[in-house]
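The structure under discussion appears below in the form of structure tokens.
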2 protein chains.
Amino acid sequence: MTNNTPVTLKFLADKLKMSVSTVSKALNNYPTINAYTRQRVQEMARDFHFTPNKSAINLKEKRSRIIGVILPNLLDHFFTRSIYGIEQFATQNGYNVIISQSHDELEKEIQSANMLLRSRVDGLIVAISKHTQDFTHLNQFENIGIPVVYYTRNPSFNLNCHKVLCNTFQGCYQATKLLIDRGHQKIAYLGGPKMINFTHDRFNGYINALKDNEVPFSSELVAYTDFDKENTITAIKNLFVYPENKPTALVAFKEPILFDAIKYLRSTKHFKTNEVECIGFGNTSFISYLDSPPIASIEENPESVGENAISLLIQLINKEIDIHNYQKVMVDCKLIVHGLNAGSV
Amino acid sequence: MTNNTPVTLKFLADKLKMSVSTVSKALNNYPTINAYTRQRVQEMARDFHFTPNKSAINLKEKRSRIIGVILPNLLDHFFTRSIYGIEQFATQNGYNVIISQSHDELEKEIQSANMLLRSRVDGLIVAISKHTQDFTHLNQFENIGIPVVYYTRNPSFNLNCHKVLCNTFQGCYQATKLLIDRGHQKIAYLGGPKMINFTHDRFNGYINALKDNEVPFSSELVAYTDFDKENTITAIKNLFVYPENKPTALVAFKEPILFDAIKYLRSTKHFKTNEVECIGFGNTSFISYLDSPPIASIEENPESVGENAISLLIQLINKEIDIHNYQKVMVDCKLIVHGLNAGSV
DNA sequence: GCAATTATTTCAAACGTTTGAAATGTATTT
DNA sequence: AAATACATTTCAAACGTTTGAAATAATTGC
């Protein structure tokens with residue numbers, strides 16, 4: 001059944017005994033084309049399943065209608081959910097999306113960037129790897145007029161760029177506030193890798209909530225970890241070694257870390273005696289399967305972050321916003337309280 | 001800093017006072033080009049950050065070096081992990097990947113297919129939605145010579161197609177076998193949606209393991225559910241209503257269903273008295289956070305499934321395999337046993 | 001019925017690249 | 001010094017589409 005003569009405008013034109021331009025204009029509903037002609041062309045196009053060749057159009061129009069996305073990986077639900085927002089908005093606006101994972105490695109990020117540059121994407125959305133300090137591979141895009149929107153991850157020293165960020169300060173503030181309101185005075189903070197920009201924003205949210213509510217701060221209540229299980233256990237052990245500063249609540253950087261913390265606390269019976277109430281960033285459905293779930297989750301609204309990023313990008317592509325008029329969009333977090341009445345097991 | 005004259009072959013040719021073809025051939029290392037000329041051209045190209053225009057190349061070469069992927073969604077770890085395999089292999093072979101989610105809706109799947117057809121992908125990898133009965137939107141690809149590989153999901157009546165599938169029969173067989181070897185005689189089977197093809201393969205794996213080991217089968221030990229929590233609870237309740245057929249072990253269709261089952265069993269204290277040992281398809285890291293983890297997971301090797309799918313697709317694109325010589329690849333599952341000695345809590 | 005107007009179609013160039021054939025330049029042979 | 005061989009460069013067409021300008025056809029006014 002394979003048809004080897006490709007159905008092009010020329011093919012249709014020959015069949016209809018008219019010129020290529022008439023066929024093109026008929027298909028694009030030019031008003032100068034006779035209604036009957038237009039109808040004949042469109043019928044023929046339908047019958048032969050004519051599909052315009054995008055490469056040719058792109059070459060002519062000097063754009064690809066492709067948007068590139070570079071992100072650390074797709075196993076993290078934050079990014080996967082953000083893709084949902086990006087893809088949906090892109091499709092609605094006639095853009096395709098090419099997703100490339102950096103696996104949090106600079107080398108792979110550079111490769112992805114170059115690949116997307118060769119593909120002549122119309123714009124780029126990027127959540128940088130945790131090792132990205134140098135931005136030349138990303139700056140090349142702006143140098144030739146292709147807009148770039150940084151989302152979620154972005155080092156504070158990278159000033160001149162468009163960014164869409166979670167208001168992680170506000171999220172952490174609210175979480176801390178909830179714990180204070182529930183009577184806690186010894187609230188531990190378990191932070192994430194220090195290379196990730198918003199680690200500090202979250203810490204500031206925590207600190208400010210304490211200050212605003214006159215809860216004394218102690219550095220004994222603060223520890224940092226990365227996504228390594230061992231390090232998290234070590235960090236949380238350190239939080240519980242000070243007898244006069246024994247935490248009764250915990251704010252954790254992100255879900256896997258939160259889960260590791262909860263698991264550890266359960267093993268030491270802290271949870272079973274209802275001693276520690278936890279909150280963390282992230283809001284996956286797995287929470288409902290935990291025997292000692294966190295009392296609340298900080299929902300970062302990834303879909304909304306993604307949608308804001310691509311919405312801004314498309315405005316930049318359409319030159320509705322000047323590429324050098326750098327924008328900063330903050331997306332608020334939402335505190336999701338899980339069945340408080342149930343309490344810990 | 002924005003440069004508005006695009007750096008094309010012509011641009012370089014003018015700068016170097018030579019013809020466009022010399023520049024092109026120099027960059028592509030044609031042996032007929034003088035070494036010194038080649039060097040000058042390549043230097044100039046580097047200095048001006050020349051990037052070949054892919055649309056032009058694609059137009060000339062009548063291909064896009066883009067592979068389309070349609071899958072139900074990215075929130076399912078199986079698919080996300082399969083993307084890893086696909087993307088990696090694609091990149092190594094000079095292909096880009098456009099991913100499109102159908103959200104398990106036929107309408108969205110048709111839209112995605114049409115979008116990818118317009119983009120002139122060189123090949124398509126698809127995990128059909130659970131509502132796909134009619135294949136015209138996918139058959140259009142083969143009709144114009146674009147190969148399609150179906151992976152994971154594929155209804156048995158769709159005979160003439162290339163497919164890469166999990167050997168879900170074997171996976172389920174091994175899981176059932178393990179439970180039998182551990183002394184269980186009343187092994188419940190909690191199946192998934194009947195529209196999904198491999199639901200039946202898994203059931204057959206279960207049945208055959210029972211037969212081969214002379215464990216009597218009872219329909220009272222079999223129930224089906226979909227991904228709805230309520231339905232799963234109802235289904236599992238039904239498995240435990242028969243006093244003389246009370247299950248001591250359970251094989252579950254997929255992880256969220258498994259987790260719902262475990263949660264329910266814990267609420268009825270079955271687990272706490274070590275009465276039911278569970279196994280399920282899927283192998284996420286969340287298992288380690290459960291207080292009563294399954295004794296084993298059936299790892300479906302999604303990366304390998306993805307890699308097999310794209311490897312086959314690229315062979316089809318390169319015409320190393322004839323498009324009508326339909327291939328079927330099976331990828332074995334692997335049983336991952338979780339600390340058996342620990343037992344249930 | 002002829003010019004003027006309007007409706008419709010076609011021409012031709014352009015987008016950036018590749019590539020076999022043709023042209024030019026240089027070196028070797030006799 | 002002419003003939004030959006070889007090295008190197010350039011020409012020109014092609015890929016499929018869009019689009020303003022030009023050409024043609026049909027209609028109107030007088």
Side-chain angles (χ1 to χ4, degrees), chain A residues 3-42 44-45 48-66 94 117-122 144-145, chain B residues 3-42 44-45 48-66 94 117-122 144-145:
Chain A
N3 191 343
N4 32 19
T5 40
V7 181
T8 65
L9 290 184
K10 180 152 188 344
F11 174 92
L12 295 178
D14 290 349
K15 278 252 179 274
L16 290 157
K17 296 195 194 311
M18 43 177 90
S19 77
V20 170
S21 25
T22 308
V23 176
S24 171
K25 287 177 179 172
L27 290 173
N28 290 306
N29 293 310
Y30 268 55
T32 67
I33 299 296
N34 180 286
Y36 176 59
T37 310
R38 178 168 62 234
Q39 195 198 316
R40 281 176 59 219
V41 171
Q42 294 188 344
M44 186 68 73
F48 282 91
H49 302 104
F50 170 75
T51 329
N53 184 314
K54 257 200 140 210
S55 295
I57 296 175
N58 294 343
L59 178 60
K60 192 83 226 301
E61 302 199 332
K62 292 161 169 283
R63 65 172 175 197
S64 62
R65 287 210 164 269
I66 292 177
L117 194 65
R118 276 196 299 279
S119 297
R120 284 283 195 285
V121 292
D122 290 346
I144 57 170
Chain B
N3 191 342
N4 31 20
T5 40
V7 181
T8 64
L9 290 184
K10 179 153 189 346
F11 174 91
L12 296 178
D14 290 351
K15 278 253 179 271
L16 290 156
K17 297 198 193 310
M18 43 177 89
S19 76
V20 170
S21 26
T22 308
V23 176
S24 170
K25 288 175 180 173
L27 290 173
N28 290 305
N29 292 309
Y30 268 55
T32 68
I33 299 295
N34 181 285
Y36 177 57
T37 310
R38 179 170 60 234
Q39 193 199 319
R40 281 177 59 218
V41 171
Q42 294 187 346
M44 186 70 72
F48 282 91
H49 303 105
F50 170 75
T51 329
N53 184 313
K54 257 200 141 211
S55 295
I57 296 175
N58 294 342
L59 178 59
K60 191 81 228 299
E61 303 199 331
K62 294 162 166 283
R63 66 172 173 198
S64 62
R65 286 211 164 268
I66 292 177
L117 194 64
R118 276 196 299 281
S119 297
R120 283 285 194 285
V121 292
D122 290 346
I144 57 170

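Proteins come first, then strands; the chains are lettered A, B, ... in the order of their sequence lines, and each starts at number 1. For the numbers below, each heavy atom of this structure counts, side chains included, while hydrogens, waters and symmetry mates do not.
For the side chain to side chain contact (heavy atoms under 4.5 Å, CB included) criterion with A/Arg38, the lone passing option out of A/Val23, A/Leu27, A/Asn28, A/Asn29 is A/Asn29.
Within the 3.5 Å criterion, the main-chain N or O of B/Arg63 finds no donor-acceptor partner in the side chain of B/Asp122. Within the 3.5 Å criterion, the main-chain N or O of B/Thr51 finds a donor-acceptor partner in the side chain of A/Arg120.
For the pair A/Arg63 CZ and C/dG16 P, the interatomic distance rounds to 15 Å; values are reported in whole Å. In this entry the distance linking CG of A/Asn34 with P of D/dA26 reads 11 Å, nearest Å. C/dT10 atom P lies 10 Å from atom CG of A/Leu16, rounded to whole Å. Summarising the geometry, the separation between CZ on B/Arg38 and C1' on D/dA7 is reported as 13 Å, rounded to the nearest angstrom. Remark: P of C/dC15 and NZ of A/Lys62 are 6 Å apart, rounded to the nearest angstrom. Atom-to-atom, OH of B/Tyr36 to P of C/dG25 comes out at 19 Å; the value is rounded to the nearest Å. The CE atom of A/Met18 sits 7 Å away from the P atom of C/dT9 (whole-angstrom rounding). Atom P of nucleotide C/dC15 and atom CG of B/Asn58 are separated by 18 Å, given to the nearest angstrom.
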Inset, instruction - Please lay out, stage by stage, how A/Ile57 and A/Arg65 fare under the test side chain to side chain contact (heavy atoms under 4.5 Å, CB included). - result: CA-CA 10 Å; A/Ile57 296 175; A/Arg65 287 210 164 269; over 6 Å; no
Legend entry - Audit row: A/Lys54, B/Ile66, side chain to side chain contact (heavy atoms under 4.5 Å, CB included) steps and yes/no: CA-CA 12 Å; A/Lys54 257 200 140 210; B/Ile66 292 177; over 6 Å; no
Inset, instruction - With side chain to side chain contact (heavy atoms under 4.5 Å, CB included) as the test, would you mind laying out the steps for A/Ile144 and A/Leu117 before giving the verdict? - result: CA-CA 10 Å; A/Ile144 57 170; A/Leu117 194 65; 3.9 Å; yes
Legend entry - Residue pair A/Thr22, A/Ser19: steps toward the side-chain hydrogen bond (donor to acceptor under 3.5 Å, both in side chains) verdict: CA-CA 5 Å; A/Thr22 308; A/Ser19 77; 3.0 Å; yes
Inset, instruction - Starting from the C-alpha separation in whole Å, work towards a yes-or-no answer on side chain to side chain contact (heavy atoms under 4.5 Å, CB included) for B/Thr8 and B/Asn53. - result: CA-CA 8 Å; B/Thr8 64; B/Asn53 184 313; over 6 Å; no
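Checking A/Gln39 against A/Asn34 by side-chain atom types alone, no donor-acceptor pair falls below 3.5 Å.
For the helix from C/dG1-D/dC30 to C/dT30-D/dA1, the angle separating the two terminal helix axes comes to 60°, with each axis derived from five pairs and the value rounded to 10°.
Checking the phosphate oxygens (OP1, OP2) of C/dT9, a side-chain nitrogen or oxygen of A/Thr37 falls inside 4.0 Å.
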Inset, instruction - Spell out protein contact along nucleotides 17-23 of chain D as letters: B when the base is contacted, S when just the sugar-phosphate is, - when no protein heavy atom is under 4.0 Å; keep the 5' to 3' order. - result: BBBBB--
